[in-house]
Amino acid sequence: MIKKLRRKFVLINMILVTIVMCIVMGMLITTRVHAFHQESDRAMRRIIQMRQFDMHRLDLDPEKRRQPVNSTPVFLVILNEDGTIETIVSPESSEVTEALAQEAVKGAMLSDNEEGFLSDLRLRFLKQQTPDGQKIAFADTVQETRALRELILTCVLGFMLALLCFLIISIFLARFALRPVEAAWEQQNQFIADASHELKTPLTVILANLRILLSHTDSTIAAEKKWLENTQAEASRMKELVENLMFLARSDANSPPFKKTTFSLSDLAWSCLLPFEPVAFEQGVSITEEITDGLYLTGDCSQIKQLFIILLDNACKYAGNEKSVSVSLKKESDRILLKVRNSGTPIAQKDLPHLFERFYRTDKSRARTAGGYGLGLAIAQTIVKNHRGKIMVTSEEYTGTTFTVTLPAGKGTAE
């Protein structure tokens with residue numbers, strides 16, 4: 001799919017570049033053709049407007065005739081009243097034969113227009129009636145055609161070279177521009193695979209328990225209580241997983257459940273810490289807190305509560321041998337700073353950038369024993385982003401692992 005998208009990107013880019021270059025080349029050639037036509041037209045009008053005395057001087061002085069009057073080769077034919085050729089004036093070094101002049105005059109006289117083009121002779125002409133008689137100026141287009149041919153050849157070669165350069169650049173840009181798409185596609189495939197795997201485990205346990213229950217049709221509910229409790233536990237785990245997946249899916253679609261209110265973040269922190277202390281006590285974890293009073297936040301209270309619980313639960317699970325967790329909540333300038341630190345084994349530096357990825361675990365062998373599905377930190381990051389904040393993690397040997405959340409402070413009182 002990514003390869004097709006990359007090829008389509010290159011194809012569309014090359015089509016657009018080709019169209020633009022064709023338009024530019026067309027305008028360049030058209031402009032040059034128009035310039036050639038204007039140049040020959042000026043040359044013909046200039047020679048027609050020459051006085052008879054000037055023409056006579058050109059005829060008497062061969063040196064002046066060798067000096068081009070115009071950049072475009074032109075010659076002039078003056079006709080008698082009966083239409084015969086009276087004079088042929090050629091300012092160029094080459095002589096114009098009478099046969100060529102007669103044929104050119106014949107072609108020009110057949111045209112009803114004052115100006116035109118004789119394709120057989122490759123001559124442009126301009127007819128004008130003057131006091132000296134009817135004059136017909138002719139401009140040779142051989143040099144013009146040659147120059148135009150060279151221009152077209154140069155444009156075509158430049159066009160091919162430019163297309164090759166743009167093709168190389170397009171391939172490079174396609175790989176560079178689609179790198180985030182490729183990463184998102186791989187992450188989505190991994191997400192689907194991991195979600196399917198996590199859903200498969202509780203479903204397998206539930207089906208196994210049901211088969212056992214169906215095989216003991218004569219037993220009482222009390223006798224089969226163990227299998228029912230296992231089924232209920234796995235169903236609850238699967239329900240939690242589905243809810244987490246739905247939350248992340250809605251966040252990806254930019255439509256997460258969000259109830260915006262202003263509430264006391266300090267009170268919310270205490271309400272999350274107090275019920276958590278018995279759980280921490282059972283795990284042998286000691287919690288120290290430093291909560292600043294009077295801190296308010298505008299956002300979704302339930303989501304922020306979920307954020308606290310995720311960070312506290314994660315800190316207690318991986319508190320290590322020292323089994324200590326510290327929670328700090330304070331205000332710095334116009335931002336609220338939440339820090340949750342534990343004394344557990346430091347996380348490897350290579351794992352830190354991936355901690356907030358979905359289903360990512362630093363130790364996959366402890367996935368089932370530690371509980372959870374590897375979605376907690378991904379949900380925490382989503383909640384923080386929903387509230388225009390930032391979440392970071394640092395892990396060192398002596399200071400432990402610290403999750404730092406920065407949120408914009410709210411104003412006013414709780415609603």
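As the structure is a prediction and not an experimental result, all values here were calculated from the model.
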Measure the shortest side-chain to side-chain distance between Arg45 and Leu126 over non-hydrogen atoms and say whether it is less than 4.5 angstrom. yes
Taking the side chain as every heavy atom from C-beta outward, state whether Leu118 and Phe125 have any pair of such atoms under 4.5 Å apart. yes
Drop me the distance from His387's NE2 to Asp300's CG, to the nearest 0.5 angstrom. 5.5 Å
Tell me whether Gln102 at atom CD has more than 12 heavy atoms from other residues, nucleotides or ligands lying less than 6.0 Å away. yes
Would you indicate whether Gln38, at its atom CD, is surrounded by more than 12 heavy atoms from other residues, nucleotides or ligands within a distance under 6.0 Å? yes
Check whether any side-chain heavy atom of Leu148 lies under 4.5 Å from a side-chain heavy atom of Phe36, and answer yes or no. yes
If only atom types and distance count, is the side chain of Ser326 paired as donor or acceptor with the main-chain N or O of Thr288 below 3.5 Å? no
Take a 6.0 Å sphere around CD of Gln283 and say whether it holds more than 12 heavy atoms from other residues, nucleotides or ligands. yes
Below 4.5 Å, heavy atoms only, C-beta onward: do Leu407 and Leu338 meet side chain to side chain? no
A side-chain contact here means heavy atoms from C-beta on lying under 4.5 Å apart; do Val74 and Arg46 qualify? no
Using a distance-only test with no angle check, is there a side-chain donor-acceptor pair under 3.5 angstrom linking Ser286 and Ser324? no
Can a donor-acceptor pair be found, under 3.5 Å and without considering hydrogens, that links the side chain of Thr262 to the backbone of Thr298? no
Under 6.0 Å from the NZ atom of Lys323, do we count more than 12 heavy atoms belonging to anything else shown? yes
Give a yes or no on this: more than 12 heavy atoms of other residues, nucleotides or ligands lie within 6.0 Å of atom CD of Gln232. no
Do other residues, nucleotides or ligands put more than 12 heavy atoms under 6.0 Å from Gln129 CD? yes
Once side chain to side chain donor-acceptor pair (under 3.5 Å) is applied, do any residues pair with Thr84, and if so which ones, sequence neighbours excluded? Asn80, Asp82
So do the side chains of Thr382 and Phe356 get within less than 4.5 Å of each other, counting heavy atoms only? no
Do the side chains of Phe403 and Leu377 get nearer than 4.5 Å, heavy atoms only? yes
Do the non-hydrogen side-chain atoms of Phe9 and Leu173 ever get within less than 4.5 Å of each other? yes
With no hydrogens and no angle check, is any side-chain donor or acceptor of Ser333 less than 3.5 Å from a backbone partner on Arg335? no
Answer yes or no: are there more than 12 heavy-atom neighbours, outside Gln306 itself, under 6.0 Å from its atom CD? yes
Is a side-chain N or O of Asp140 found less than 3.5 angstrom from the main chain of Pro73, in a donor-acceptor match? no
The complete set of ring-ring contact (aromatic ring centres under 6.0 Å, His included) pairs with one or both residues in residues 139-161, sequence neighbours excluded, reads none
